[in-house]
Amino acid sequence: MRRKDRRLHVKSELMLAAMVDMMVNILVFLLMLYGTDPVGVEGGEDLVLPDSSADEALKYALLVQVTREGVAFDGVTVAPLVERDGVLALDPALLDRGTLVPLAQAMAPKVADARSAATEEAPFAGEVVILVDKRVPWSVVAPVARTADRVGLPKFRFLVNQQAASPG
Amino acid sequence: MRRKDRRLPDESPEINLVPVLDMVSLLIQVMLINAQFGSFAQIASEPGRAAEKVADTLSFQVEVAPMGYRARWTDAGTPREEVIPCVEPCSPTDYNDAALGRLAMRLKAEAPDQTSVVLRPDPAVPFEVAVRAMDAVRGELPDRPLFPDVVLGL
């Protein structure tokens, strides 16, 4: 009688299904992380936000970015920064009585759209989120804020890195 | 002669998960590189209007200058001023935020109903210094705000 072959025939395989399951979970987590940020902040060498003890939560609003490269609105650079004596500055040709003209031209239609879309339940808030690189001088920030005010966005929300407040 | 069995094998096909795993792991790497894990907050402020009088008895103003902070306020109708110099070379971390915070606390104790402060940064100071000044005058503790209404002198 032939003996049964008692040698184990172990067929080993990688459990790829479990690995794919894990990877998809991580992917979903990262997608949700991107989805919960009300303001799409893309950091980089040219945009380092200052640290602050402020704890007010971020709200969605029109976004102006002031990086070391220039001033951008809605993801489009409207005014590049120039370097004068080692200091970043706006091109004076783009300023008109303290207002940054290209920024005002870019913001005005968006503000008009926001006003027309306002309802009683969701009134026009007049808010603008301003992201500023911490190294940019105030001489660049002031015209941006002034321009936002003059186009009808007088409520500035400066975006900062939240730091825990020191005790006492 | 027996023909070779040309029928296709009837084993059920297996999904090749290796390319799927490869694609997902690449996506994760790209997203990790671009992910921002820090938390953000906002500092609210409004522009000061030239024609608008600061309707308070304190009239607390802070000038952020390249040499330090210069605070001005009104004490029973009398204008007061205090200079808080920064330590040379006056980089953003050399400003004496603690002293400005203590001054704000002192003024808050004298005028607890006042909530606004006018901030006038010098054009040459970096934005970071203005934010530090805002933090100092607003107060760090949410249950004990000092002067949370920051008005920018543009």
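Not measured: the values here are computed from a predicted model.
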Quiz item: Within the distance-only criterion (no hydrogens, no angle test), does the side chain of A:Asp74 pair as donor or acceptor with the backbone N or O of A:Val76 below 3.5 angstrom?
Solution: no
Self-check item: chain A contact via B:Val125 - side chain, backbone, both or neither, heavy atoms under 4.5 Å
Solution: both
Quiz item: When heavy-atom pairs shorter than 4.5 Å are enumerated against chain B, which of A:Ala17, A:Ser139, A:Ala89, A:Gly98 gives the highest number?
Solution: A:Ser139
Exercise. Check the side chains of B:Ser91 and B:Asp94 for a donor-acceptor pair under 3.5 angstrom, ignoring hydrogens and angles.
Key: yes
Practice problem: Any chance you could pull the hydrophobic cluster mates of B:Val83, using side-chain heavy atoms under 4.5 angstrom and chaining through other members? | Solution: B:Met67
Self-check item: Contacting region of B:Val129 [heavy-atom separation from chain A under 4.5 Å]
Solution: neither
Exercise. Heavy-atom distances under 4.5 Å only: say whether A:Val87 touches chain B with side chain, backbone, both or neither.
Key: neither
Quiz prompt | A:Ala148 portion near chain B, given a 4.5 angstrom heavy-atom threshold | solution = neither
Practice problem: Using modelled atom types only, decide if a donor and an acceptor are shared between the side chain of B:Lys108 and the backbone of B:Gln114 within a distance under 3.5 Å. | Solution: yes
Quiz item: So, A:Asp133 side chain and A:Arg68 main chain: donor-acceptor pair closer than 3.5 Å or not?
Solution: no
Quiz item: Counting distance only, does the side-chain N/O of B:Arg138 pair as donor-acceptor with the main-chain N or O of B:Val150 below 3.5 Å?
Solution: no
Quiz item: Highest number of heavy-atom pairs under 4.5 Å with chain A: which of B:Arg132, B:Met134, B:Gln42?
Solution: B:Gln42
Quiz prompt | Residue among B:Pro121, B:Ala41, B:Ala124, B:Pro123 with most heavy-atom pairs under 4.5 Å to chain A | solution = B:Ala41
